Amino acid sequence: MKIFSADWILPISAAPFENGAIVIENDKILHVGHKKTILENYPNAETEDFGEAAIMPGFVNCHSHLELTAMRGFLDDAEGDFFKWLIKLSVTRAEKLSEKDIEASAILGALEGARAGVTCFGDIGRYGRAGLEALKKNGLRGIIFQETDFSPLNENAAADFEKLKEKFLALSAAETELVKIGLSPHAPYTVSRRLFEKITDYAVRENVRVSIHAAESKMEEDLMTHGTGAMAEFYRARGIDWSAPQVSSIEYLNNIGVLNAKPLIAHCIKVDERDIELIADSDSGIAHCPKSNAKFGHAIAPFEKFLDKKLRVGFGSDSVASNNICDVLEEARFAALLARTRTDKKRLLAAREIVETATLGGAKAMRLETQIGTLEAGKQADLIVLSLENIAQIPLHDVYAAVLFASGACDVRVTMVAGREIYRDGRSKMIDETALKTEIKMIAGKMNEI
Ligand SMILES: [Zn+2]
């Protein structure tokens with residue numbers, strides 16, 4: 001048993017309070033309360049006081065692609081054309097990187113998250129094994145969603161589903177208490193209707209978590225609603241028979257039954273009132289990725305409406321190939337500022353609800369809210385200690401404002417998952433950072449060879 005105390009506790013499930021403490025026993029939170037009372041009740045426990053700091057739940061990153069971390073900055077020259085960007089990414093991943101390189105890349109991404117106070121990832125993996133190993137080696141929690149390969153033809157659905165299931169079952173055998181395996185049919189424009197149906201049937205029957213990219217870009221919208229645009233031309237040029245459903249991506253996913261699997265849907269930019277209703281009615285989740293969306297120039301998702309509808313919404317960094325960092329606090333701050341900038345806003349989103357989205361919201365989006373997302377007795381001890389002593393953070397008049405608008409990844413002092421410290425004061429407790437940095441630089445050199 002150990003006790004952490006600090007000037008501030010942000011339980012998220014209750015109002016923040018000063019001079020608090022938290023009792024941790026094994027992997028769980030035993031008690032959250034005022035320091036004085038807790039020290040009286042547990043006089044023999046090992047105690048550590050962090051002073052000018054906040055203890056709060058760890059951040060949940062609902063949408064990442066850890067295996068692409070070695071591509072940080074590598075694709076920036078192709079960002080003006082989303083389709084070209086996707087092709088350059090796929091070719092590089094398939095032709096330049098070995099399995100070992102992809103795993104090192106994923107380990108680096110997970111390490112970056114741990115250093116930034118992320119305790120849980122919803123990670124999409126074309127090579128799911130890399131993400132799984134990355135979370136395990138960093139001591140993180142999460143769900144690895146094994147992604148489909150490019151499979152737009154109905155006639156290939158049966159064979160492609162069998163291949164996907166094989167990968168999924170092999171990964172599932174290596175599941176742990178902390179890391180679970182799900183499935184990810186990539187997107188409505190790269191997966192055939194029949195394959196979507198097969199994955200959905202399996203996921204509903206076997207209670208498997210599903211995550212999908214949808215309603216992300218104009219390219220996708222053009223293809224889905226009118227059968228036009230770059231993707232449509234790509235299909236036509238290759239003789240791929242793909243007929244547009246002539247409805248929005250979300251409506252399409254509803255029409256073919258995919259929302260029955262209550263998927264975690266990444267992006268949801270191109271969504272109207274009806275789409276939002278469908279997401280609400282199906283109790284699906286949303287991974288809001290504002291920085292990735294902005295960096296591509298895709299547009300701004302209606303985050304305020306997601307909150308007002310009380311949807312299961314959390315933040316996603318997306319891959320660092322499109323972000324270029326994994327810092328959920330910065331993601332949250334950017335989301336708040338963007339939402340406040342929208343001309344159709346009805347109100348100013350409060351710092352409190354944005355911090356809640358970064359923690360409990362993410363847990364809900366991943367359907368893990370009974371285990372994580374708040375500091376409450378009985379929940380998993382997934383928490384961070386965030387320093388509040390830096391010059392740029394003082395004076396402190398409003399703790400939510402200090403966390404959201406004046407703090408960043410560099411202020412995270414401790415990251416703990418299931419009662420185990422995985423990061424403290426600039427150093428991972430799990431990974432040899434020097435060796436990993438050397439390996440990543442070698443991989444980057446290989447990627448740039450012609
Ligand atoms: Zn993504």
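Fair warning: this is a prediction, and the values are worked out from it, not measured in the lab. Read the numbers this way: they start at 1 and go in the same order the structure lists the ligands and their atoms. Hydrogens, waters and symmetry mates are skipped; everything else that's a heavy atom, side chains included, is used.
In this structure, R274 pairs ionically with E251, as a charged nitrogen and a carboxylate oxygen lie closer than 4.0 Å.
The Zn ion (ligand 1) lies at the vertex of an angle of 90° between the NE2 atom of H65 and the OD1 atom of D318 (rounded to 10°).
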For R141 and D27, run salt bridge (Lys or Arg N to Asp or Glu O under 4.0 Å): C-alpha distance rounded to whole Å, both residues' side-chain angles, the deciding distance at 0.1 Å, then the answer. CA-CA 12 Å; R141 184 185 303 278; D27 60 342; over 6 Å; no
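Under 2.8 Å from the Zn ion (ligand 1) lies an N/O/S atom of H63, whether from backbone or side chain. Taking 2.8 Å as the threshold, C289 does not count as a candidate ligand of the Zn ion (ligand 1), since none of its N, O or S atoms lies below it.
Distance alone, capped at 3.5 Å, places no donor-acceptor pair between the Q371 side chain and the L368 backbone.
Screening H288, H63, H298 against H267 for a ring pair (Phe, Tyr, Trp, His ring centres under 6.0 Å) leaves a single residue, H63.
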